[in-house]
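This report concerns only the one structure given below.
In this text, all values refer to a predicted model and were calculated from it rather than measured experimentally. Every chain is numbered from 1, with letters handed out A, B, ... down the list of sequences.
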Amino acid sequence: MQQQAISTEQSSSLTLSAALQVVSAMALGAALLFVVGFAPMDVAHNAAHDARHSFAFPCH
Amino acid sequence: MAFRNILLSAIVVGIFSGLLYGLFQHFQISPIIYAAETYEVEDVAEVPAAHGHETTGHHEHNEEAWGPEDGAERIGYTIGADIAIGIAYALFMISLMALHNLKANKPKLTMATGAAWGIASMIIFFAAPAMFGLHPEVPGTEAATLENRQGWWTLCVALTAAGIAILYYAPIKFKLGGLILAATPHMIGAPMPEHHGFANTDPQAIEALTQLTTQFYLLTAVGMGIFFVLLGALSGLAVQRFVKLDA
């Protein structure tokens, strides 16, 4: 009984926030792109160095 | 579950397109990077040991930060990074396609229109920032401060994307605004170094690096074209088949 109530609540709130979920997915993409392509730490740079060059990201 | 479907689709699309680009890079682009690195000189005046490129062309980093060993480890990290960038781009692409299907009063995405989105992405992420601004560069090329170039790159990508979106979605009277927006970063101008050229001043090295740069530019352009069209087509398919927003 209680569980059913919770799942109904969840599905309705998720339906409402479809656009919000889409925006969250984009934010995740931006964070990932930053870490792999742009993060200034030497370790991130060295690991992804050749990929950064090949995607024509600003490097060095 | 829009978020989960987008994430799972993006991972699959990113793995396929990133892996393909990684293989293309391994056979076509990385040899150029390795060749360019043999001409790299330690720039003592500027941030010593910031990147640790050796004159020998080996990618050793001595006492500085960790870096993958040349050979299998370096290739592995490169392909891994290509896949990660593929997933990041796929997250953008599939999210925007989902928003399009959710909100726009235009035909829903398919594999074919996805490929067209791929071409638009190629313009946004490669042609505008790299071909019209910061050209693809081999290691050892003189360039302006990294942070300025990264800032300009981000601005250029954002404004080109916004410009294309306006051209596609907005009523006719606003479309000129899209063109102006996309042109703005180029009117500001990409940050350029005080003098163009390479860190290595040996004439033979300059000639070799100039040739390598031309090859590098051509091959990254071809590779990016393949990568983005595949990414767009697969994203279009994923959105059509797997991303259900009205769940």
Side-chain angles (χ1 to χ4, degrees), chain A, chain B residues 1-3 6-7 10 21-22 25 29-30 33 50-52 59 61 64-68 74 77-82 84-85 87-92 94-96 98-99 102-103 125-126 129-130 134-139 141 143 146-147 149-150 152-154 216 220 223-224 245-247:
Chain A
M1 209 33 199
Q2 204 184 359
Q3 224 168 5
Q4 202 178 14
I6 289 168
S7 74
T8 317
E9 193 189 339
Q10 270 184 348
S11 66
S12 68
S13 75
L14 286 175
T15 312
L16 280 174
S17 63
L20 193 67
Q21 291 185 59
V22 169
V23 173
S24 313
M26 271 176 68
L28 186 66
L32 185 59
L33 191 68
F34 174 77
V35 171
V36 182
F38 293 86
M41 293 94 73
D42 279 345
V43 172
H45 167 270
N46 293 340
H49 172 266
D50 296 356
R52 288 183 179 193
H53 271 280
S54 303
F55 278 86
F57 293 154
C59 195
H60 296 279
Chain B
M1 282 295 283
F3 182 80
I6 290 172
L7 182 59
Y21 190 65
Q25 169 173 6
I29 299 175
S30 290
I33 296 178
H51 299 301
H59 218 73
H61 292 269
E64 322 140 16
W66 169 91
R74 183 171 175 183
Y77 273 96
T78 300
I79 293 181
D82 287 335
I85 295 170
I87 293 173
Y89 278 155
L91 276 168
F92 276 118
I94 296 174
S95 301
L96 288 171
L99 268 187
L102 193 68
K103 305 274 183 196
F125 287 107
F126 185 76
L134 304 163
H135 296 300
E137 286 169 347
V138 295
T141 310
L146 179 62
E147 288 72 24
R149 284 181 291 135
Q150 289 184 330
W152 185 86
W153 189 95
T154 311
F216 184 75
T220 46
M224 286 282 90
L245 293 171
D246 42 15

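The two residues Leu32(A) and Ala84(B) have their closest heavy-atom pair at CD2-O, 3.4 Å. Considering all non-hydrogen atoms of both residues, Ala18(A) and Ala2(B) come closest at O-CB, 4.4 Å. Between Phe3(B) and Gln21(A), the shortest heavy-atom distance links the atoms N-OE1, 2.8 Å. Between His53(A) and Glu137(B), the shortest heavy-atom distance links the atoms ND1-O, 2.7 Å.
Between Tyr21(B) and Phe55(A), the gap from one ring centroid to the other is short of 6.0 Å.
Comparing Lys103(B), Met224(B), His135(B), Glu147(B) by heavy-atom pairs within less than 4.5 Å of chain A, the highest count is held by Met224(B). Residue with the most contacts toward chain A among Ile33(B), Ile85(B), Asp82(B), Thr78(B): Ile85(B) (heavy-atom pairs, distance under 4.5 Å). Of the listed residues (Ile79(B), Leu99(B), Leu134(B), Thr141(B)), the one with the most heavy-atom contacts under 4.5 Å to chain A is Leu99(B). Listed options Gly223(B), Ser95(B), Ala81(B) were ranked by heavy-atom pairs under 4.5 angstrom with chain A; first place goes to Ser95(B). Of the listed residues (Trp152(B), Tyr89(B), Phe126(B), Phe125(B)), the one with the most heavy-atom contacts under 4.5 Å to chain A is Tyr89(B). The choice from Ala31(A), Gly29(A), Ala56(A), Gly37(A) that makes the most heavy-atom pairs within less than 4.5 Å of chain B is Gly29(A).
Ring orientation note: the planes of Phe38(A) and Trp153(B) are tilted relative to one another, at an angle of 30° to 60°.
Between the side chain of Gln25(B) and the backbone N or O of Asp50(A) there is at least one donor-acceptor pair closer than 3.5 Å. Looking only at distances, no side-chain donor or acceptor of His60(A) sits under 3.5 Å from a matching main-chain atom of Leu146(B). Under the 3.5 Å distance criterion, the side-chain polar atoms of Asn46(A) are matched with a main-chain donor or acceptor of Trp66(B).
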Test side-chain contact (heavy atoms from CB on, under 4.5 Å) applied to Ile6(B) and Ser24(A), step by step: CA-CA 10 Å; Ile6(B) 290 172; Ser24(A) 313; over 6 Å; no
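Looking at Val43(A), both its backbone and its side chain come within 4.5 Å of chain B, counting heavy atoms on both sides.
Contact check for His49(A) versus Pro139(B): side-chain heavy atoms found under the 4.5 Å cut-off.
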